[in-house]
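This report concerns only the one structure given below.
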Amino acid sequence: MALAAWLVDRALHPIRSLSREISRFPVGSPSRFSVPRSAVELEPVVGRLNNLMERVGRTLARERGFAMGAAHELRTPLAGLRARLELAL
């Protein structure tokens with residue numbers, strides 16, 4: 001029984017390692033997840049995770065660009081309104 005528990009623990013080590021790496025991964029980071037050498041069966045999962053993180057990074061970049069553009073577009077009319085209000089006072 002102890003041998004079986006040790007074997008299962010040893011077999012799950014790459015998954016726990018990947019889980020720790022995922023938990024420390026900063027959002028929008030250009031780095032990629034790595035596949036533990038002893039776990040080639042995780043390559044498809046890690047590949048999908050890397051693909052997902054690239055898509056999330058691109059989405060965040062587009063969102064930042066939209067927010068910057070919207071902020072710029074709103075500043076101009078607000079500045080005009082402020083100038084008119086100051087003149088009216």
Side-chain angles (χ1 to χ4, degrees):
M1 186 72 121
L3 178 62
W6 180 81
L7 286 173
V8 169
D9 183 63
R10 192 73 192 138
L12 293 176
H13 179 72
I15 293 173
R16 284 194 301 273
S17 175
L18 180 61
S19 176
R20 281 192 301 273
E21 188 178 348
I22 290 170
S23 69
R24 291 188 300 256
F25 199 79
V27 175
S29 171
S31 59
R32 299 174 60 86
F33 294 112
S34 59
V35 179
R37 279 181 239 141
S38 62
V40 292
E41 65 275 2
L42 289 178
E43 284 181 9
V45 173
V46 171
R48 300 261 185 200
L49 281 172
N50 286 331
N51 186 317
L52 174 66
M53 294 309 289
E54 287 173 12
R55 291 190 328 232
V56 167
R58 286 193 304 265
T59 300
L60 286 173
R62 281 195 307 264
E63 183 180 309
R64 283 187 201 112
F66 173 78
M68 287 174 49
H72 175 73
E73 292 296 323
L74 287 173
R75 264 187 243 125
T76 303
L78 290 176
L81 285 172
R82 182 177 180 185
R84 287 183 185 175
L85 289 173
E86 286 176 356
L87 283 175
L89 291 174

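This structure is a prediction, so every number in the text was calculated from the model and none was measured.
Annotation: E86, atom CD; neighbour count of heavy atoms from other residues, nucleotides and ligands within 6.0 Å is above 12. Under a cut-off of 6.0 angstrom, the local environment of CZ in R16 is crowded, with over 12 non-hydrogen atoms contributed by other residues, nucleotides or ligands.
Using a distance-only test at 3.5 Å, with no hydrogens or angles considered, no donor-acceptor pair links the side chain of S19 to the main chain of I15. When atom types are taken as modelled, the side chain of S23 and the backbone of R20 share a donor-acceptor pair closer than 3.5 angstrom.
Residues L42 and V8 are members of one and the same hydrophobic cluster, defined by side-chain heavy-atom contacts under 4.5 angstrom among Ile, Leu, Val, Met, Phe, Trp and Tyr.
Rounding to the nearest 0.5 angstrom, the gap separating the CD atom in E54 from the CG atom in L52 is 9.5 Å. A distance of 15.0 Å separates CZ in R48 from CZ in F33, rounded to the nearest 0.5 Å. Expressed to the nearest 0.5 Å, how far OG of S17 lies from CG of L12 amounts to 12.0 Å. Once rounded to the nearest 0.5 Å, the distance linking CG of N50 with CD of E43 reads 11.5 Å. Residue R62 holds its CZ atom at 12.0 Å from CZ of R64, rounded to the nearest 0.5 Å.
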>> Working note: R84 + L87, criterion side-chain contact (heavy atoms from CB on, under 4.5 Å); need CA distance, chi angles, decisive distance, verdict.
In response: CA-CA 5 Å; R84 287 183 185 175; L87 283 175; 5.6 Å; no

